[in-house]
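Some notes on the structure that comes next.
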Protein chains: 2
Amino acid sequence: MKATDSRNLHGHVIRELGKRIVIGDLRPGDILPREEALAESMDVSRTALREALKVLSAKGLIESRPRVGTRVRATHFWNQLDADVLSWRCASMPTDDFIEKLVEMREIIEPAAAAAAARRRTAAQLTQVDLAYRKMEAARDPDEWAAADLSFHDAVLQATGNELMISLFSVVESALGMFFVLSAKTAGDFSYSLPQHQKVLEAIRRKQPEVARKAMQSMIADSLANLHKKRKGSSKKAS
Amino acid sequence: MKATDSRNLHGHVIRELGKRIVIGDLRPGDILPREEALAESMDVSRTALREALKVLSAKGLIESRPRVGTRVRATHFWNQLDADVLSWRCASMPTDDFIEKLVEMREIIEPAAAAAAARRRTAAQLTQVDLAYRKMEAARDPDEWAAADLSFHDAVLQATGNELMISLFSVVESALGMFFVLSAKTAGDFSYSLPQHQKVLEAIRRKQPEVARKAMQSMIADSLANLHKKRKGSSKKAS
DNA sequence: CTCAGTACGTTTGTATGATAAATTTCGAGC
DNA sequence: GCTCGAAATTTATCATACAAACGTACTGAG
C-alpha cells in the first residue's frame, strides 16, 4: 500500500531524502548540497536524483531555484495529507502527540461518514456494509475479525459516495494502522464491539443519519477507551 | 498559491497531462504513448517528460512499468486531496456534484475545528482569532470583509494545533474559493454573519467546545442557505 | 562616497544519446 | 502440447553537454 515504490532507484532516493527532511535531520531553510554532489553521495546519477527532487518538490517539502540551490521549505507548506509524508512522520515520531492528531481526524471523519452513508447510500452499498457485518459476526479469530472490521469501515466510507472523504480516511487509517492494528488484534474478546457495529448498520439501512452518527461516535469512543486501558496496562507491565 | 510551478517546462507538462487525465480525456486503463513519442508530441525532451511523469506517478494518477508502458490508474488510487488534482478537477467539472462534496467536507471540518480550538487554544492563538474578528468588524467594503473572514477561519484552524486539519482545510478551502468567494463578495450586506462569528469567538475564548461547534455549524448553514438563495435567484434571472 | 548598471561565475533547467534492466511475447526443443 | 529460453520493446538509469537564471562582485558615473 506504499505510495512510493522503493523497487525503483529514484524511489529509494525519495524515501531517503524525504525521511531526513520530515524527521528533522534536514531542517526548513537548510540548503541541500548541489545536485551533482548530492547525486554522487547517494550513488545515483543526477537524472535519477532530479526525478526524486521533483517528487519531493510536488509534496511541498523542498523548492529549487537556479543559482541558489534546493532549500527545505517551512513545514506549513508540506503536503501533510500526502501518504508518504504521513508515513515518514509515523516512522520517526516516538511521541503520542502525533498519534492523537491522527485519532482526532478519525473521530471527525467516521461519524460524519456514517451520517452521510445513512443519508445517501444506494441499495448496493448497503449490501456491502451488511456483508462486512456478517463477516464480522462469523469471524472465529482476531485475524478474521480485523479484516472484516476494516472492510466494514471501508464499506461505510464507500457508501458516502464522497471520494474526498474516502481518500482522507484511507490516508489517516493507513497511518494509524501502523500503531494499533496490532493491539486491536491482541484484544481478549475481539467481538465486544459487534453490537455497536450493528447499530451503525441498522441506522444506515433505515437512513437515519443522526442515529448512525451517534452510534459511530460511541463506537469510536469505546474503542479508544479500550485502547487506552490496554496501553496503560502494558506500560505498567513494562515499567 | 499553486502547487505546480508552471514557470518550469516540466511543470507545464505536469499540468497538461494531469488535466487531460483528471478531465477524462485520458481514461483509467489507457496506455500513454511511449516516452519518446510523447516527449516529441509535447515539444520537450524525454528528461523533462520523465520528471513530469514521476510527479504524476506520485500523485497516483499513472503507473509506469518497463515493456508495458505508462498507464492511467483507476480513480480510487488518485491522491484526491492533492492540491493539483483538486484544482484540475475544479477547472473541468461543470456539475454541482463535486462542489457539494467539497462543501460537505467543509461542513465536517469547520465545526470540529471550532470545537478543537475552544478546547486547546493558547492565549496567543486566541489573540489572533480576536484580531481577525475586529478586522471583520472594521471592514468597510466586501473586499476587506472577505479578507478578514478568511483570516478568521484561518486563525480558528491554527488554534486547533492540528496541522492535518489545517492542511485539509486549506486544500478544500482553496478549491472552494474558486467558486463562491466571488459570490460572497457580491452579497448585499456583507456583515450579516458578524454576530455568528462573535459567538464562535466567545466560545473559543471561554473554552466551550460544544458551544463553538454549534455556533460554527449554524454559521455555515446560514452561509450555505444564503448562497443557495442567491444561486437560485441568478439562475431564475438567467432563464 | 554612493548608487546603479553590467559582467561573471555558480547552480539549476533542459536536451541528447547511449546502455542496462525488466517483462512480455514468440519460438524452439522436448 | 508443454516448458523453457531467446528476442524485442519499453522503461530505468547513466553520462555529458549546453542553456538559462540568478546572486555577486566589480566598475563606472554622478
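Order of the sequence lines fixes the chain letters, A, B, ..., with proteins taken first and strands second; residue numbering starts at 1 for each chain.
- Taking a cutoff of 4.0 Å between a charged side-chain nitrogen and a carboxylate oxygen, B:R120 and A:E100 do not qualify as a salt bridge.
- Note on B:E36 versus B:R46: no salt bridge recorded, every NZ/NE/NH1/NH2 to OD/OE distance being 4.0 Å or above.
- Within the model, atoms CZ of A:R89 and CZ of A:F98 stand 4.0 Å from one another, a figure rounded to the nearest 0.5 Å.
- Listed by first then second residue, pairs satisfying side chain to side chain donor-acceptor pair (under 3.5 Å) with a partner in residues 65-76 of chain B read B:S64-B:T70, not counting sequence neighbours.
- The side chain to side chain donor-acceptor pair (under 3.5 Å) check on B:R20 picks up nothing, with sequence neighbours excluded.
- Under the rule for a salt bridge (Lys or Arg N to Asp or Glu O under 4.0 Å), the partners of B:D82 that lie at least two apart in sequence or sit in another chain are B:K59.
- The line from CE of B:M42 to CD of B:E16 is 5.0 Å long, rounded to the nearest 0.5 Å.
- Here the CH2 atom belonging to B:W145 is positioned 10.5 Å from the CG atom belonging to B:L150, to the nearest 0.5 angstrom.
- Nearest-nucleotide positions on DNA chain D for A:R67 and A:L9 put A:L9 closer to the 5' end.
- In summary, contact between chain A and DNA chain D, defined as any nucleotide atom under 4.0 Å from a heavy atom of the protein, begins and ends at D:dT13 to D:dT24 in the 5' to 3' direction.
- Less than 4.0 Å separates DNA chain C from at least one heavy atom of each of the following residues of residues 37-61 of chain A: A:R46, A:R50, A:K54.
- Residue B:E144 places its CD atom among more than 12 non-hydrogen atoms of other residues, nucleotides or ligands, all under 6.0 Å distant.
- The span of DNA chain C lying next to chain A, judged by atoms under 4.0 Å from heavy atoms, is bounded 5' to 3' by C:dG9 to C:dT14.
- Between B:H153 and B:F169, the two ring planes are parallel [angle under 30°; tilted spans 30° to 60°].
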